[in-house]
Amino acid sequence: MSELLGGWKRTQYCALLGEADVGREVVLMGWTNARRDLGALIFIGLRDRTGVMQVTFDSSELPAEIFEKAQTIRSEYVLAVKGMLARRTPEMVNARMQTGAYEVRVQDFKILGKAETPPIEIGDDTKTNEQMRLKYRYLDLRRLAMQRNLMLRHKVAHIARTYFAEQGFLEIETPMLTKSTPEGARDYLVPSRVHPGAFYALPQSPQQFKQLLMLSGYDRYMQIARCFRDEDLRADRQPEFTQIDLEMSFVEEDDVIAVNEGFLARLFKEVLDIDVALPLKRLTYSEAMSRYGSDKPDTRFDLELVDISGIVRECGFKVFTAAVEGGGSVRCINVKGGAEKFSRREIDALAESVKTYKAKGLAWMSLKPEGPQSSFAKFLSEEQINAITARAKGETGDILFFVADKNSVVFASLGALRLELARRLELIQPNTFDLLWVTDFPLLEWDEEEGRFFAMHHPFTHPKDADIDKLESDPGAVHAKAYDIVLNGTEIGGGSIRIHSSELQERMFTALGFSKEEAWRRFGFLMEAFKYGTPPHGGLAYGLDRLVMLLAGATSIRDVIAFPKVQNASCPMTDAPDPVDEKQLRELHIKLDLD
RNA sequence: GGCCCGGUAGUUCAGCUGGUUAGAAUGCCAGCCUGUCACGCUGGAGGUCAGGGGUUCGAGCCCCCUCCGGGUCGCCA
């Protein structure tokens with residue numbers, strides 16, 4: 001039988017006890033972390049969210065019935081323990097334990113909750129696979145590592161609220177039940193009972209609402225907002241995720257960037273005690289792509305891409321010339337001192353890995369002391385080989401990897417190869433943080449399948465002033481007032497200055513191939529609103545989950561979300577999503593048509 | 001939708017070229033133990049080898065299908 005609290009009050013958290021409490025009577029409440037029963041002496045690690053304190057049951061000090069009850073304590077029992085905090089004698093101190101210099105000598109205790117043997121190990125160095133951890137998430141969350149992650153997450157959210165409030169931002173909520181916006185990610189739909197056949201959508205972001213708040217005059221808005229996207233999951237992507245969402249009026253790009261640099265500096269200082277040098281590094285999109293093959297480059301290591309298209313434009317190697325003639329390029333990565341580090345087998349494996357990104361192959365050139373050795377040397381003249389080596393700053397002992405294709409494939413494959421090489425060669429110092437802005441994104445992206453332009457960021461993004469005239473004549477060349485913040489090669493946030501005139505917004509929709517009617521049907525309320533006095537405005541949204549993941553040193557955002565979903569977007573603990581009753585479907589006027 | 005990796009006691013894993021009754025560690029249960037802290041010692045229980053089908057004298061192991069988990073490409077305005 002579990003016992004009741006019966007008026008007992010907790011006096012302290014386990015791991016917060018210290019020198020000041022020695023000799024005092026304390027009441028602790030927590031879970032049984034470990035039990036060491038020596039017969040007439042029982043040690044128990046009592047765990048709460050702060051850590052573990054050893055509590056000692058001594059048969060020579062306790063009434064028999066209390067000691068006998070102590071013998072029944074098992075893992076994960078919930079206990080209330082009353083006793084005296086004592087300093088351990090020097091030879092009893094456990095230096096590996098935060099509270100290892102103390103113990104509570106128990107005088108009385110209650111078993112508040114019994115526990116069956118847990119199906120997973122609740123240790124910090126758990127090797128339990130994630131499937132089990134997620135099925136028993138409530139147990140997994142007892143682990144101090146998970147508690148640290150969630151407390152870190154709380155701290156980040158708290159700093160965001162504090163900092164942005166100090167900067168004059170107002171926290172305002174926006175609806176969860178809203179209108180579907182088919183441009184972009186798939187929406188999660190919610191059927192309406194009172195409007196048969198009509199659906200709400202869960203927000204992919206509060207984008208349109210925060211823009212409306214700007215024209216309503218709230219000037220500076222922030223929200224820690226849940227967002228939903230019905231797309232496939234990744235290690236850093238969940239179907240529901242959280243943004244720190246911001247919007248500001250009367251600002252340009254540098255204003256948004258400046259206020260956010262202040263936030264990031266504050267965050268790194270308070271969370272990790274790291275001083276971030278401001279202003280942060282900035283790269284334009286085209287520079288990021290040409291140097292790193294990525295719009296979210298990890299610049300903690302070099303291995304930059306080198307364009308050798310000019311040199312091999314006319315050579316005997318068809319793979320190279322065809323790529324250049326077709327409007328693509330030939331680029332390479334020079335791995336300094338790598339000539340001896342890659343066996344043929346490893347090179348083959350690298351070649352296989354770039355095929356994921358549609359590269360047809362991976363050419364290589366190893367600068368051996370006896371001369372360059374490569375997969376294509378016989379097709380090139382000595383001058384061409386020398387020119388390539390010079391362009392890539394190659395020296396004896398280096399190895400160069402080449403991809404020739406259209407630019408998108410070259411960038412994707414060499415960008416990925418760059419990361420893979422850094423991983424294999426362990427070029428990334430652990431616990432280093434590298435923040436940078438990527439700016440000047442293209443406004444529009446051509447979609448081959450649909451045969452039209454899509455907004456790279458979203459359709460409300462303001463073009464660069466100098467490019468506005470090209471919106472009709474050369475849409476693909478228009479740059480956007482958009483910026484991403486990148487941390488260690490992960491995009492942790494992005495934003496833009498928005499279009500604030502309905503006239504420019506209509507031109508944007510035209511460039512996207514929307515008819516006027518279609519644009520009004522989808523975004524009419526926004527365009528209508530823009531007619532009534534809209535300030536220039538812009539903002540940014542952070543992916544809170546990714547940000548916390550990186551700060552916590554986790555490798556998956558699942559480790560910083562209390563109850564995450566797995567790859568097929570289900571929850572192993574609740575078994576959501578689930579079929580529902582026929583009655584519920586009838587009320588919603590929904591008939592299932594399953595194959 | 002594609003590709004890759006994985007699924008064996010409660011848990012983490014081993015299991016050889018297909019060959020006797022599927023092992024280890026840990027956890028669990030019982031007994032002993034007053035300074036343990038990964039307590040120790042002794043003993044014990046514990047298995048739908050993810051599921052289904054096939055090949056074979058014989059399948060945890062080989063083949064096919066399905067399910068489940070992870071990574072990734074596509075996708076993610």
Side-chain angles (χ1 to χ4, degrees), chain A residues 33-45 52-62 67 74-76 86 88-89 91-97 99-100 103 105 116-136 139 181-187 204-205 207-208 227-239 241 349 352-359 409 412-413 416 420 441 443-445 447 449-450 453-461 480 482 491 494 496 508-509 512 514 522-523 543 555-556 558 565-568 570 572:
Chain A
N33 197 50
R35 178 177 71 106
R36 291 175 293 280
D37 183 348
L38 275 60
L41 189 64
I42 299 171
F43 299 104
I44 276 171
V52 177
M53 171 61 78
Q54 174 165 287
V55 300
T56 305
F57 301 80
D58 190 331
S59 59
S60 68
E61 296 174 4
L62 287 170
F67 191 78
R74 292 293 180 273
S75 285
E76 300 307 317
R88 299 199 207 174
T89 60
E91 61 275 16
M92 294 177 193
V93 167
N94 182 348
R96 285 181 304 162
M97 212 172 149
T99 59
E103 66 181 352
R105 300 200 65 87
E116 290 185 17
T117 304
I120 61 171
E121 188 192 349
I122 304 179
D124 253 8
D125 51 349
T126 185
K127 294 193 185 84
T128 306
N129 73 55
E130 211 176 346
Q131 194 170 353
M132 292 298 292
R133 288 178 48 205
L134 290 174
K135 183 171 163 71
Y136 298 99
L139 298 180
T181 53
E183 187 86 339
R186 270 188 286 272
D187 287 317
Q204 298 184 22
S205 95
Q207 183 60 34
Q208 290 160 49
C227 304
F228 304 85
R229 292 178 192 175
D230 186 5
E231 296 293 345
D232 285 358
L233 282 72
R234 291 284 187 280
D236 62 355
R237 241 162 56 189
Q238 285 272 306
F241 60 100
E352 199 55 42
S353 75
V354 295
K355 285 184 182 160
T356 307
Y357 304 91
K358 300 219 171 72
V409 170
S413 49
E420 177 63 18
F441 280 80
L443 183 72
L444 302 165
E445 224 175 355
D447 185 298
E449 267 177 44
E450 303 248 338
F453 280 104
F454 274 79
M456 196 161 182
H457 188 49
H458 57 58
F460 318 110
T461 305
E491 178 201 329
S496 64
M508 178 70 173
F509 283 133
L512 290 171
F514 289 6
R522 292 182 178 185
F523 304 108
T555 52
S556 159
R558 293 186 296 273
K565 295 186 172 50
V566 297
Q567 197 174 36
N568 65 8
S570 68

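This structure is a prediction, so every number in the text was calculated from the model and none was measured.
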Exercise. Which is true for A:Ser60 with a 4.0 Å heavy-atom rule: it touches a base, it touches only sugar-phosphate, or it touches nothing?
Worked result: base

Exercise. With sugar-phosphate meaning primed atoms plus P, OP1 and OP2, does A:Thr461 contact a base, only sugar-phosphate, or nothing at under 4.0 Å between heavy atoms?
Worked result: nothing

Take the protein atom [atom1] of [X] and the nucleotide atom [atom2] of [N], then report the distance between them rounded to whole Å.
| X | N | atom1 | atom2 | value |
| --- | --- | --- | --- | --- |
| A:Gln238 | B:G69 | CD | C1' | 14 Å |
| A:Gln131 | B:G71 | CD | P | 12 Å |
| A:Met132 | B:C13 | CE | P | 12 Å |

Would you measure the distance from the [atom1] atom in [N] across to the matching atom in [M] and give it in whole Å?
| N | M | atom1 | value |
| --- | --- | --- | --- |
| B:G23 | B:A14 | C1' | 7 Å |
| B:C67 | B:G52 | P | 15 Å |
| B:A24 | B:G15 | C1' | 10 Å |
| B:U12 | B:C49 | C1' | 16 Å |
| B:C5 | B:U42 | C1' | 43 Å |
| B:C61 | B:G7 | C1' | 14 Å |
| B:C62 | B:G40 | P | 38 Å |
| B:C28 | B:A77 | P | 48 Å |

Of all the heavy-atom pairs spanning [X] and [Y], show the shortest one and how long it is.
| X | Y | value |
| --- | --- | --- |
| A:Asn33 | A:Ile122 | OD1-O, 4.5 Å |
| A:Phe241 | A:Gln204 | CZ-O, 4.1 Å |
| A:Ile120 | A:Arg133 | CD1-CA, 4.2 Å |

Taking only residues two or more places apart in sequence or in another chain, which ones pass side chain to side chain contact (heavy atoms under 4.5 Å, CB included) with [X]?
| X | answer |
| --- | --- |
| A:Ser556 | A:Arg558 |
| A:Gln131 | A:Asn129 |
| A:Thr555 | none |

Pair partner, [N] [Watson-Crick or wobble, under 3.5 Å]:
| N | value |
| --- | --- |
| B:G6 | B:C68 |
| B:U17 | none |
| B:A25 | B:U11 |

For this session: For the residue pair A:Arg237 and A:Gln567, confirm or rule out a side-chain donor-acceptor distance under 3.5 Å.
Result: no

Exercise. Ignoring hydrogens and angles, are the base of B:U12 and the side chain of A:Thr128 linked by a donor-acceptor pair under 3.5 Å?
Worked result: no

Seminar exercise, completed: Those residues at least two apart in sequence (or on a different chain) that pass ring pair (Phe, Tyr, Trp, His ring centres under 6.0 Å) with A:Phe509 are A:Phe514, A:Phe523

Seminar exercise, completed: Note: for A:Glu121 and A:Glu130 on RNA chain B, the residue whose nearest nucleotide lies more 5' is A:Glu121

Does [X] place a side-chain N or O at less than 4.0 Å from the phosphate oxygens OP1/OP2 of [N]?
| X | N | answer |
| --- | --- | --- |
| A:Ser570 | B:G69 | yes |
| A:Asn568 | B:G69 | yes |
| A:Asn129 | B:G70 | no |

Exercise. Where along nucleotides 35-47 of chain B does protein come under 4.0 Å, by heavy atom, of base (B) or sugar-phosphate alone (S), with - for untouched nucleotides?
Worked result: BBBSB--------

Exercise. Where along nucleotides 72-77 of chain B does protein come under 4.0 Å, by heavy atom, of base (B) or sugar-phosphate alone (S), with - for untouched nucleotides?
Worked result: BBBBBB

Exercise. Does the side chain of A:Thr56 come within less than 4.5 Å of A:Glu61's, by heavy atoms?
Worked result: no

Problem set entry | NZ/NE/NH1/NH2 to OD/OE distance under 4.0 Å, A:Glu76 and A:Arg74 | no

